[in-house]
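No experiment lies behind these values; they were computed from the predicted model shown. Throughout, protein chains are lettered first and strands after them, A, B, ... in sequence-line order, and every chain is numbered starting at 1. Side chains included, hydrogens not; waters and symmetry mates left out as well; all remaining heavy atoms used.
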Protein chains: 2
Amino acid sequence: MNLIQKFILFLFIFNLKINCFNKFSKTKNLNKINNLPGLESEINFNHYSGYLQVSNYHFLHYWFVESQNDPENDPIIFWFNGGPGCSSMDGLLKEMGPYLVNPDGRSLRLNKYSWNKNASVVYIESPVGVGYSYSEAWSLTEIDDEQTAKENYEAVKQFFEIYPSFRNNYLFISGESYAGVYVPSLCALIVDGQNEYPLKLTGMMIGNGYMNSRLDIDTTIKFAYAHGLVDEKLWQLMREEYGCDLSMMSNYFCQNKVEEIFEFVWLGGLNPYDLYRDCDAFSPLNSQKMHALRRGLLPTKINERIVAKSIMNRNTRSARFINDDLNNVTEVSSNVATDPGIPCLDDSDATRYMNLKEVRQALNIPSHLGNWSICNEDVSNNYNQIYSDMSPFVKKVLGAKVKTLLYYGDTDMACNFLLGQQFASQLGYRVIKNNFLNFGRRRNFIHRDNKINSKFTLETIHPV
Amino acid sequence: MNLIQKFILFLFIFNLKINCFNKFSKTKNLNKINNLPGLESEINFNHYSGYLQVSNYHFLHYWFVESQNDPENDPIIFWFNGGPGCSSMDGLLKEMGPYLVNPDGRSLRLNKYSWNKNASVVYIESPVGVGYSYSEAWSLTEIDDEQTAKENYEAVKQFFEIYPSFRNNYLFISGESYAGVYVPSLCALIVDGQNEYPLKLTGMMIGNGYMNSRLDIDTTIKFAYAHGLVDEKLWQLMREEYGCDLSMMSNYFCQNKVEEIFEFVWLGGLNPYDLYRDCDAFSPLNSQKMHALRRGLLPTKINERIVAKSIMNRNTRSARFINDDLNNVTEVSSNVATDPGIPCLDDSDATRYMNLKEVRQALNIPSHLGNWSICNEDVSNNYNQIYSDMSPFVKKVLGAKVKTLLYYGDTDMACNFLLGQQFASQLGYRVIKNNFLNFGRRRNFIHRDNKINSKFTLETIHPV
């Protein structure tokens, strides 16, 4: 290659970069949220909403809130809610975002415990099909854990192309419940791709994570027994007479009884996400929601029978898959199983807010997309769980010196703390610090630190 | 015997009865409470406070509140708090009496959930030495379960001599925690004495009862593990490597670890009586109280070591044993172990109130008695537990067709619900009704009925 050729190549590449830069820079400006509806107070940070193209046809919706403190230097956190099939906007608008939705479904209130007080946070609706994330393909094929991890990784990289100045900040990947699968699998890809696409991955944080499907079944039954939900004679029958392996459901009697207990945990009238909190007041929208899958997960084998039992009616809803190939918006009608059996959580506030026309406009949602819902049952029903144990992923991430925090609220039955405790123990690390006899209080919580190695912390959180 | 002799005998007996009647009738009038200090509202029932002589030297203090509804026909309930060594005035003034003491320790407020809305209730300070109950003997000998049961039975009979009109009412014996020993043992004596002293014993009710000492240790450890208080590796060591029999503490390692867990349950900063409620705000009086024994019980073997560890200071207090034989009030000085390790319950309100001079006068407390405290450590330390399993007593009572209710709040660690659940199961009755899958709500509670036979009910109460 002579100098002329090199110069031409340089011009070509330079031009490409300029184009890319312009494209992403333009995207950032277009995605900026101006005048978020319902927000009456002044805010002191920038926020953005838009799309990350993660494959030829798949577009994930994100909502990005910069840090209120020092966005240039504060860490950047990615957040995922679970399901699978539930939206991370739940985390943003109802958990730890800077503004929380009020019961009227129209106004927002500021949250003084927002994570963006000291970090920039990116909420991603994943996988495709959830919330306002959409596919341009004619129909949505089955999604599985591996594809979700790959597309989440693409989303992270895309994000840093649009917001390159954040790529040097400390990066944390976080989420709750079924994100116990998303987070370690995404982090493992970041670790594997570190040479090709360097990122400052510093930590992963998982709240009440679904880390192992066998342990989930086993510990749910034990948790239920030790919290007064299982009759003593039934327990003794299962344990002693039938010797039920709770996770294998080795015979018909055992399987049947495990299913009965799961059914009671999820549909018995208790709050599966906080045993000692009452359910939300009744709302008609409750019966439209797939509450069982909102933050938790029914074990796959058990799921079908319970859902089958609890389906009292089916209604037709429009999915939000569009097909640009035909230059024609296709609203795919589908029969969606509704689950009226858990009238415990009322998400009508977030549902109403996210579907307001002015909110959709402010968030740059394409007008041809269908309605937003907090969980998408099509996605859940077609989701293929292939990672039954997250140990290999967690070990890989820890091996790359990435700090790992598993934290569990002790009254959640959806993904209970014993699951996390046993998962952590099975990793086989030496416990170097155990504050078992030395609770410390922070705000309204008591934390029990259990540093399994210097990079790994298991925390059980006890509300008082 | 001729007619003259018979007539003389008749006169003698008649005279005796008249004397007795006069004596008891006079007692009733003397014991009536007039103008209870701190009570600003009008009350619509009679109440009494006085003494029941249960042996040559022992006098138990009682406080009797008639039903607000229909005292002539409503049931009559006897109530005992636990310890052993704690006062039933705790139940009256801080749990379900008609008036509850305010934090100022001077005023009372009406309690709309009082049990005396539909029943007359007798609160007895038992055994001798507790609260304002006293002995006239030179020194108090050891008290044990059998003697306590006998003296409680004497108290019941004495009560009906003073208040004979209530002897035809339905009679219930009730209590909580260590009263899980008092109540069945008292009821068994009532059943055995039915021919000599007929009573309409209709039911017994026990809240979070200490029914079996072995089960108490075993289930406390399991409860602690399943509520996040025991590290997984420690648990696995105890269960698998050392095969600890939790109740037998078969070797030094096991015994030591069981003690550590008990120490944490009682002294770790959590509320042992309600895991999900914060401790009371700090009060100087906290460090003067034997909180561990207020409503619960430390297993005897473990008790000594934990108390020994937690004694940071000892102070001298005066006991309230008087000696009338010498016509001389003897204030017995004793070194009393204080337990500053559980700063969780604040009983300063009841303590202040019960020691007010005007309250003592209104309650007819002899002026030479020492100060009242909610628990008496002398009694606790000298109490000899001889009934390790209440099954024989419960079976005898059930055999006499007396209804039995065991109810357990599911967040109490002092006497946890698993203890009751396993105790009930071990009685061996057939479960004829099990509302496991059919919770019903009453007020703020969910009740799980588990009718073991038509006379026996186990209820686990779950706050929401």
Next on the checklist: Given 3.5 Å as the limit, does a donor-acceptor pair link the side chain of Q236(A) with the main chain of Q422(B), or not?
Outcome noted: no
Checklist outcome for this item: Of all heavy-atom pairs linking S425(A) and K233(B), the shortest is O-NZ, 3.3 Å
Next on the checklist: So which atom in D410(B) and which in H227(A) form the shortest heavy-atom distance, rounded to 0.1 Å?
Outcome noted: OD2-O, 4.1 Å
Checklist entry - Run the side chain to side chain contact (heavy atoms under 4.5 Å, CB included) check on W235(A) and L418(B) step by step: do they pass? => result CA-CA 12 Å; W235(A) 179 253; L418(B) 281 172; over 6 Å; no
Checklist entry - Can you name the closest pair of heavy atoms from Y225(A) and F417(B) and give their distance? => result O-CZ, 3.8 Å
Next on the checklist: One pair to check against side chain to side chain contact (heavy atoms under 4.5 Å, CB included): Q426(B) and E232(A). What are the steps and the verdict?
Outcome noted: CA-CA 10 Å; Q426(B) 287 184 8; E232(A) 186 66 25; over 6 Å; no
